[in-house]
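The block underneath contains the structure these notes are about, expressed in structure tokens.
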There are 2 protein chains.
Amino acid sequence: MDKINKNSFTPPFYQLAAIIEKKIMEGEFKPGEPLPSENDLGREYELSRTTVRKCLGLLAERGMISAQQGKGTFVSRPSLDRAIFVMDDFKTQIENQGKEVGYRLINVRFLKQLPEFALKLGMTPDKGILYYSRLLTACEEPVGVEHKYMCYKKGKPTLENEFQYKAFSEIITIHTEFLPVRSQAMLTAESASEYDANYLKISAGDPVLKLQQVLYTRDDKPVGIGVFYYRSDRYSLVSDIQPLKGER
Amino acid sequence: MDKINKNSFTPPFYQLAAIIEKKIMEGEFKPGEPLPSENDLGREYELSRTTVRKCLGLLAERGMISAQQGKGTFVSRPSLDRAIFVMDDFKTQIENQGKEVGYRLINVRFLKQLPEFALKLGMTPDKGILYYSRLLTACEEPVGVEHKYMCYKKGKPTLENEFQYKAFSEIITIHTEFLPVRSQAMLTAESASEYDANYLKISAGDPVLKLQQVLYTRDDKPVGIGVFYYRSDRYSLVSDIQPLKGER
DNA sequence: CAGTGGTCTAGACCACAAA
DNA sequence: TTGTGGTCTAGACCACTGG
């Protein structure tokens, strides 16, 4: 039986998680069946229940097990057919790839009317809509185009600079009395419009990744919409599900 | 000052998390600045350090804060421009939408040679490659097409039924001596080929979401590749980032 | 050195499920 | 009633950071 090495730099809760994960993958603990109780695991590996729980929490986060109060902790169905895509803001993503980010302001305009898709999302033009669009580049190469629509309150002066560099939710916070606290996003594929294709330097109709984001205030009023189109040859999402390492 | 209500059904660690999140969003704790230390928070809200830590863990998971050993716990830059897409296996996803899943086996074939893209991913044809493809439907409507390539070892009989219903990693485990433990996936947009478009009942060239998945054994040998094409009008990924609820 | 976060322990009470 | 997971406490030791 595997034992916990208390002198290792790998903390016990992590070692135990690796052990249990291994037993699950090797079939000793089978999908649908319960794991030993937290107390039993604690006795078996000479760890406190708190530590056992921390370990189980790690495995639960990874989707390997799930606990049911009063019943037990059960091994989940195997699910390598699962992917998790984290999309940070453009700047963070590109910089993490070691590339240089660039923004180019394409357009800033005041709209009296919202485009139809924005109305469908429940946004109301209040006193008007501020629209702007940017070209997103990585190492000078065009990667994406984004279009933003936000509720607008007059008053504060607008500097082009701001639109070029600041985050959307920041701009909304500054230029309206709204504080966005919730973000809903939808990712899909689409054909590039002639307009967007022109900036992306692709052909109209070429496939692009489309991300549509809606920002809501605490009382669920939509106050900002962002639509992103990414060149599919230069932008993709990746996911990596790996087992816990045994020893570090 | 907000206080912890110990008689509430909402556990203290959660209440505290909501309080801190609120203070961050209202600007009392600013991005880049440190939170009070865990001990201070414990004193202030009359909670044990363990409970404070559980609360901070929750906020860290949500990307609001990050801890640095020896230094402190810092408020992250605001990031509503962030989305997390979880793609479970097709069956789970569709069933969660309350729809009926269907599979139709399109093709099962033994290949002597791997297609070029699979070779590029490092897969070797060993003793041969088993290829199969399925049409994925939701409420009888075609939603996706998938193509699978797996290392093949003769021996066990293959039942068409299996390919129709079992998960890819399960099939690999049964029909080879390989145990996939790691999954890498890439999501992008593409134009549908004539072949796939035909099954999806769309036109060739229409945009589709493409998911490419590679399964690896513990020693990082690729043993299975899955390529999925989804109709962009019937399949999209969603993400919802919301604040913690104050009281439940 | 003092202060920070990271980990662990031993024990307690609760809500829930099943017999 | 017993056993399960969910939460909390009080106290301990460690590793890391910075003065």
Side-chain angles (χ1 to χ4, degrees), chain A residues 3-20 24 29 32-76 244-248, chain B residues 3-20 24 29 32-76 244-248:
Chain A
K3 264 189 141 11
I4 303 296
N5 174 5
K6 296 213 177 184
N7 297 320
S8 164
F9 286 102
T10 306
F13 82 89
Y14 192 95
Q15 292 182 46
L16 179 55
I19 291 173
I20 294 178
I24 289 175
F29 296 140
E33 291 181 4
L35 249 43
S37 79
E38 297 175 350
N39 283 315
D40 286 348
L41 286 170
R43 268 188 290 276
E44 182 170 356
Y45 292 95
E46 296 176 316
L47 294 171
S48 74
R49 189 175 157 220
T50 314
T51 303
V52 172
R53 277 183 65 76
K54 182 158 185 185
C55 145
L56 296 181
L58 181 60
L59 292 173
E61 222 177 83
R62 297 167 54 86
M64 314 256 335
I65 62 176
S66 69
Q68 286 174 250
Q69 192 170 29
K71 290 195 193 171
T73 303
F74 300 83
V75 178
S76 304
L244 299 167
K245 301 289 169 206
E247 284 287 323
R248 279 189 288 205
Chain B
K3 265 188 139 10
I4 302 295
N5 173 5
K6 296 214 177 185
N7 298 319
S8 164
F9 287 101
T10 306
F13 82 90
Y14 193 95
Q15 292 182 46
L16 180 55
I19 291 173
I20 295 177
I24 290 176
F29 296 142
E33 289 181 4
L35 251 42
S37 80
E38 297 175 349
N39 283 315
D40 286 349
L41 285 170
R43 269 189 291 276
E44 183 171 355
Y45 292 95
E46 297 176 314
L47 294 171
S48 73
R49 191 177 155 220
T50 314
T51 304
V52 172
R53 276 183 66 75
K54 182 155 186 186
C55 145
L56 296 182
L58 181 60
L59 292 173
E61 222 176 83
R62 298 167 54 85
M64 315 256 333
I65 61 176
S66 69
Q68 287 174 249
Q69 192 171 28
K71 290 195 192 172
T73 302
F74 300 84
V75 179
S76 303
L244 300 166
K245 300 291 168 205
E247 284 290 324
R248 278 189 289 208

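Computed from a predicted structure; not experimentally measured. Atom set for the values below is all heavy atoms of this structure, side chains included, hydrogens, waters and symmetry mates excluded.
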Roughly how many Å is it from [atom1] in [X] to [atom2] in [N], rounded to a whole number?
X        : N       : atom1 : atom2 : result
Glu38(A) : dG3(D)  : CD    : C1'   : 12 Å
Leu35(A) : dG5(D)  : CG    : P     : 9 Å
Leu47(A) : dT7(C)  : CG    : C1'   : 11 Å
Tyr45(A) : dT9(C)  : OH    : P     : 15 Å
Leu16(A) : dT7(C)  : CG    : C1'   : 14 Å
Lys54(B) : dT7(C)  : NZ    : P     : 15 Å
Asn7(A)  : dA15(D) : CG    : P     : 11 Å
Arg43(B) : dG3(C)  : CZ    : C1'   : 11 Å

Among [options], the nucleotide that comes nearest once only the side chain of [X] is considered:
X        : options                 : result
Asp40(B) : dT7(D), dG6(C), dT4(C)  : dT4(C)
Lys6(B)  : dT4(C), dA10(C), dT9(D) : dT9(D)
Arg53(A) : dT9(C), dT7(C), dG5(D)  : dG5(D)
Ser48(B) : dG5(D), dA10(D), dG6(C) : dA10(D)

- prompt: Relative to the 5' end of DNA chain C, which residue comes earlier, Pro36(B) or Thr50(B), by the nucleotide with the nearest heavy atom?
  reply: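 Upstream on the strand: Pro36(B).
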field: Inter-residue atom distance Thr50(B).OG1 - Arg53(B).CZ, 0.5 Å rounding
entry: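 Going from the OG1 atom of Thr50(B) to the CZ atom of Arg53(B) covers 8.5 Å.
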Write down the atom of [X], the atom of [Y], and the distance for their closest heavy-atom approach.
X        : Y        : answer
Gln15(A) : Lys3(A)  : OE1-O, 4.2 Å
Leu59(B) : Ala17(B) : CD2-O, 3.8 Å
Pro12(B) : Ile4(B)  : CB-CG2, 3.8 Å

- request: Report yes if the side chains of Tyr45(A) and Thr51(A) come closer than 4.5 Å at any heavy-atom pair, otherwise no.
  value: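 The answer is no; the side chains never approach within 4.5 Å.
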- request: Taking only heavy atoms on the protein side, list every residue of residues 58-76 of chain A lying under 4.0 Å from any atom of DNA chain D, sorted numerically.
  value: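 Residues of residues 58-76 of chain A that come under 4.0 Å of DNA chain D are, in numerical order, Ala67(A), Gln68(A), Gln69(A), Gly70(A), Lys71(A), Gly72(A), Thr73(A).
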- prompt: Under 4.0 angstrom, heavy atoms only, what part of the nucleic acid is Ser37(B) near: base, sugar-phosphate, or nothing?
  reply: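 Sugar-phosphate, no base atom in range.
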query: Contact class for Leu56(B) vs. all strands (heavy atom < 4.0 Å): base, sugar-phosphate, or nothing?
result: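 No contact.
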- prompt: Backbone N or O of Phe74(B) within a donor-acceptor pair of the Gln68(B) side chain at under 3.5 Å?
  reply: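 Between the backbone of Phe74(B) and the side chain of Gln68(B) there is no qualifying donor-acceptor contact (under 3.5 Å).
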- request: Using side chain to side chain contact (heavy atoms under 4.5 Å, CB included) as the criterion, point out the one residue from Ile65(B), Val75(B), Thr73(B) that pairs with Phe29(B).
  value: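 Of all the options given, the one that passes is Val75(B).
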